[in-house]
Structure formats: structure tokens, C-alpha cells
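Accompanying notes for the structure given below.
Convention: sequence-line order gives letters A, B, ...; per-chain numbering from 1.
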Number of protein chains: 2
Amino acid sequence: MWRDETGRSLADYPHPSVAVDVALLTVVDGALQVAVHRRAGHAAGELALPGTFVRIDETLAAAALRALREHIGVTGRSPEQLRVFDDPDRDDRGRVLAIAHVDLVPRDVLDDDVGLVAVDRRPRLTFDHDAMVAAAAEHVRARYRRDPDPAGLLGAAFTLAELQGLHEAVLGAPLPKDTFRRHVLADLEPTGGVRTGTVGKPARLYRRAG
Amino acid sequence: MWRDETGRSLADYPHPSVAVDVALLTVVDGALQVAVHRRAGHAAGELALPGTFVRIDETLAAAALRALREHIGVTGRSPEQLRVFDDPDRDDRGRVLAIAHVDLVPRDVLDDDVGLVAVDRRPRLTFDHDAMVAAAAEHVRARYRRDPDPAGLLGAAFTLAELQGLHEAVLGAPLPKDTFRRHVLADLEPTGGVRTGTVGKPARLYRRAG
DNA sequence: TATGGTTGGCGCAGAAGTGAGCTAATAGGG
DNA sequence: CCCTATTAGCTCACTTCTGCGCCAACCATA
């Protein structure tokens, strides 16, 4: 074990605790929603994002996935970092740095009893979790502005109308049909198939271009 | 002091140490450059970004500013977070999470003996500091694509040519003159003055619009 | 004081992007 | 089996954007 010139290891110096909090987002009822739960133990009863302390030999992604599993019984996909929340008074238990994460998953990986609230009409959350949800929504919205379906919420093949519906749900605003199609087409390739069994002219199916 | 049901405080649980590393950027010779120093103590002699461990009651910004002061004698402006580097093996002294920061300052706040290397032609840095510099450059380049002069490197009043030169230095690529002007003009307001004492037709002076 | 060199910035033609409307292609009902 | 409702997706007129070229305004020099 490494020791400095005074004989102390890193852990001998007082240092902040580190937590992860995860804004788990999904699309339900044509709107972006975030999973919340009521805390037990400290700050019991308060609405909060799933979170946990980071263990000493754990990566942040592993801690984020563990928080999702332990608090809401969900297997996350690929949590991404947002930023560190470092207000010295943010947690009355002591000095805690919270690393906010976001993960976007399809609705069907969540149990029915997971609490969901729409990000644009959400109740107050405890700690600084409101700011985390705002940052999470902004993050996925920016990603969907750049790429057709970065989180892979649609399956292998989808129609342009299905993709537009997803984008409108994520962004929380309607999009102009023609412009939307022209933009995403550059990043898609047709599968050759069409969506049948629907009313109207059958729509071509596309996949993400490689 | 808060204690859990087993009588332990937060600090009683083993948890990672937290460090900040700062990519201090500036523009010299028409190119984006980053301040580096040769480490003393651990990993002595290696080229690295200024960094330090975060003290328990310190904000991240305060730790970042302290790292700049202690290692290269510079007063930073406003360090911004990039992301957390959490590879378990990134530091052989123990478990350390490093929170990378970026700060962009004018050349004249740096002493002449501060080591500077161009971000696009830089030598290998130690730890994961290469990835931090890459993230820092990408961050400031993205900001300069959005805003005329977010870091305020130019003074209160400047010409469009001066602003374009700054952008080309930050981005590391030439920009089309007319398109550049039209885009930034939306976020600027003329001061009414002109830049005199130069060759050619005097250029109008602008300031950031409020 | 005139003249040439140099840089700022505007106008205009062509390119690119946008959105409304029209045609195509299917399901379902009479 | 035909007709209608409905949705997909193309076409075309219009708007916006881009970049070249030209004129303007100043300094330096003779």
C-alpha cells in the first residue's frame, strides 16, 4: 500500500463521501418520464431519485446500476454521467459529492409498480434531485436532436412516423414532418420492408445506418 | 454528527478519494494551448495537468483554483466540470476518482515560465490526462461554436476580425468570413466606435449583447 | 496633396432548405 | 368488387442562407 512521506495512505486523509444518483428516463404516454421512489431510512418518505454511495472498488456505472437494482428493481442499460453536485450543505449526514447520471430505457423493462412522473410536470424532489432531472432531460434531448435513436428505444426496424413520435415524446414538442424526415434520413438505411396491417399507405421500414 | 443504525458515520465506510485535475487553456500563437507541469513527489518528472485532492469541506471549483495556484502559480477564472474519470487502476496510490475541469484564460494571466503545449500537437501526458485535455478542447470548442466569446478573452470592445481570429485559434481551423460575421452579429451590439491606427479601412467595434 | 495598398463590409446571384399540396397505396365497409 | 378514409412520401414554389465580387475608407509614401 502506498504511503506518503508522513507515512499516511490516501484513506488516512479526511475526504468527501461519493454518491451516485440516477435519473432513469423512459417514454410513456408520449412524454418523457423519470422513475422516482420514496426514500426509506434517511429523509424517509421524500420523493427522490434512486441513489447509493459508491463503494471503494466500484466504478460509477456499476454503482449506478446497483442503485437502480436495489431501489426500483430495474436493470439499467448504460448510465451516463451528467455532472457532480458539490454543494457543501446538500446532505445533512456529512460531506457528500453526488454524481448525477442518466439512463434511458424502454418502458417494458420497468415493473408496473415503479413510480413514474413526467419530467415536465413533476412534483418537487428532495435534495438537489430536481436539478438532476432537468440536466438529465436536457442531456437526452440534446442527444436526440443529433441522432435518430441513440438509446435504441425502437426495435431493429421502424417507420419514420414511429421515429417522429418518439422524438416528439422525448423533446416534448411537435416537429415539422417533412424537415424531420429529411434530417433523419441521412442517418438511416431502408430495410426494404414495409409496415403492414396499419391503416393507410404502408410505411417503409428503416434501421440505424452503420 | 449523523450516524446510521449501526452507529457509524459516513466517513467510517471506506470510500474513494477524490481529486480534481484542471486543463487550463489559453490561446497563444493562434492556437489553443494547455498548461502542463512536471510532477514532483508521486510520478515525479511526468508531464501532467495541475491537480490536487479535494478537501472534505471544499467545493470542486475551490479545489481546482487551489491546484492552479499551487502547481503553476495562476489565478484561474471559472473552472467548469468535464466529467469524472473512474478507472479503478488509474492511480497506483489507491482508489481515486478524478474530476476533470477546464478553464480558459487570457495568456497574460500566466507567468512566462508556465509550460504550455498546443492541444493538437501535445506530448503524452501521464495518468488519463490526455483524455482530459481532449475533453477540455472539445468542451471549449463547442462553447465557441455557440457563443461569440464565452470566456471573455477579448476585452470589452473588439472587431469582427479579432473575434474571427480568436475563433479560428480556438477551433484550430479557418472559418468562412461572411458566414462567421452574419452568425455572430446576432449576439453582438456595436459600440459606435471603430478600431483606428490599423492599416486599411477601420473596423467597427462590438461588445457582447446583453 | 494625390496615389496605391490594404482591410472592412455591403449587394446580389446561386445554392440549400422548408413546408404546403398533391399523388400513391393500402384497409375496411357497403 | 368498388368506393372511401387514411396515411406515406414526392414535387414544386418559396424562403433562407452562402460566398463571391465590388465599393468604401483609411494609412503610407511620394
Side-chain angles (χ1 to χ4, degrees), chain A residues 27 29-31 141-149 153-209, chain B residues 27 29-31 141-149 153-209:
Chain A
V27 173
D29 299 336
R141 284 170 175 163
R143 285 210 48 138
Y144 269 82
R145 269 186 273 267
R146 278 196 304 275
D147 291 307
D149 185 18
L153 290 194
L154 299 173
F158 45 84
T159 69
L160 290 179
E162 290 162 2
L163 185 61
Q164 182 172 354
L166 172 60
H167 275 244
E168 291 177 338
V170 168
L171 298 180
L175 291 169
K177 177 176 131 175
D178 298 278
T179 300
F180 175 79
R181 293 173 162 246
R182 280 189 275 247
H183 273 92
V184 296
L185 267 182
D187 298 317
L188 299 178
E189 53 191 24
T191 67
V194 295
R195 175 77 73 212
T196 57
T198 58
V199 51
K201 175 174 172 177
R204 293 180 197 158
L205 292 170
Y206 294 87
R207 62 171 151 255
R208 287 173 283 281
Chain B
V27 173
D29 298 335
R141 284 170 175 163
R143 283 208 47 124
Y144 270 83
R145 270 187 272 270
R146 280 197 302 274
D147 290 309
D149 184 19
L153 291 194
L154 299 173
F158 45 83
T159 69
L160 291 180
E162 290 162 2
L163 185 62
Q164 183 173 353
L166 172 61
H167 276 244
E168 292 178 338
V170 169
L171 299 179
L175 292 169
K177 177 175 129 176
D178 298 283
T179 302
F180 175 80
R181 293 173 163 246
R182 281 189 273 248
H183 273 94
V184 296
L185 266 181
D187 298 317
L188 299 177
E189 53 191 25
T191 67
V194 295
R195 175 76 74 212
T196 57
T198 59
V199 51
K201 175 173 171 178
R204 293 180 196 157
L205 292 171
Y206 295 88
R207 62 172 150 258
R208 288 172 281 281

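- Near DNA chain C, meaning a heavy atom under 4.0 Å from it, residues 164-179 of chain A has A:P176, A:D178, A:T179 in order of number.
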Between N or O atoms, less than 3.5 Å apart, protein on one side and nucleotides 1-4 of chain D on the other: list the pairs.
none

Next on the checklist: side chain to side chain contact (heavy atoms under 4.5 Å, CB included), that's the test. Do A:D147 and A:V184 meet it? Break it down for me.
Outcome noted: CA-CA 8 Å; A:D147 291 307; A:V184 296; over 6 Å; no
With a 3.5 Å cut-off and sequence neighbours excluded, list the donor-acceptor pairs that the side chains of residues 168-177 of chain B form with protein atoms.
| from | atom 1 | to | atom 2 | distance (Å) |
| --- | --- | --- | --- | --- |
| B:E168 | OE2 | B:Q164 | NE2 | 3.2 |
| B:E168 | OE2 | B:L175 | N | 2.8 |

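- Near-neighbour residues of DNA chain C inside residues 196-209 of chain B, defined by a heavy atom below 4.0 Å, number-ordered: B:V199, B:G200, B:K201, B:P202, B:A203, B:R204.
- Here B:D178 pairs with B:R182 under the side-chain contact (heavy atoms from CB on, under 4.5 Å) rule; sequence neighbours left out.
- Side-chain contact between B:T159 and B:V194 is absent, with no heavy-atom pair separated by less than 4.5 Å.
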Which donor-acceptor pairs under 3.5 Å do side chains of residues 195-206 of chain A form with protein atoms, sequence neighbours excluded?
| from | atom 1 | to | atom 2 | distance (Å) |
| --- | --- | --- | --- | --- |
| A:R195 | NE | A:E162 | OE2 | 3.0 |
| A:R195 | NH2 | A:E162 | OE1 | 3.1 |
| A:R195 | NH2 | A:E162 | OE2 | 3.2 |

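- Listed by chain and residue number, A:H167 satisfy the ring pair (Phe, Tyr, Trp, His ring centres under 6.0 Å) test with A:Y144 (two or more places apart in sequence, or in another chain).
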Item to check | Verdict with supporting geometry, B:L188 and B:F158, side chain to side chain contact (heavy atoms under 4.5 Å, CB included) | outcome: CA-CA 10 Å; B:L188 299 177; B:F158 45 83; 3.9 Å; yes
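- Scored by the salt bridge (Lys or Arg N to Asp or Glu O under 4.0 Å) test, B:R181 finds no partners at all (sequence neighbours excluded).
- When atom types are taken as modelled, the side chain of B:D149 and the backbone of B:L154 share a donor-acceptor pair closer than 3.5 angstrom.
- Using a 4.0 Å cutoff on non-hydrogen atoms, the parts of residues 181-195 of chain A near DNA chain C are A:R182, A:H183, ordered by number.
- Of all nucleotides in DNA chain C, those with any atom nearer than 4.0 Å to a heavy atom of chain B start and finish, going 5' to 3', at C:dT6 to C:dC10.
- With sequence neighbours excluded, the residues forming a side-chain hydrogen bond (donor to acceptor under 3.5 Å, both in side chains) with A:R141 are A:D120, listed by chain and number.
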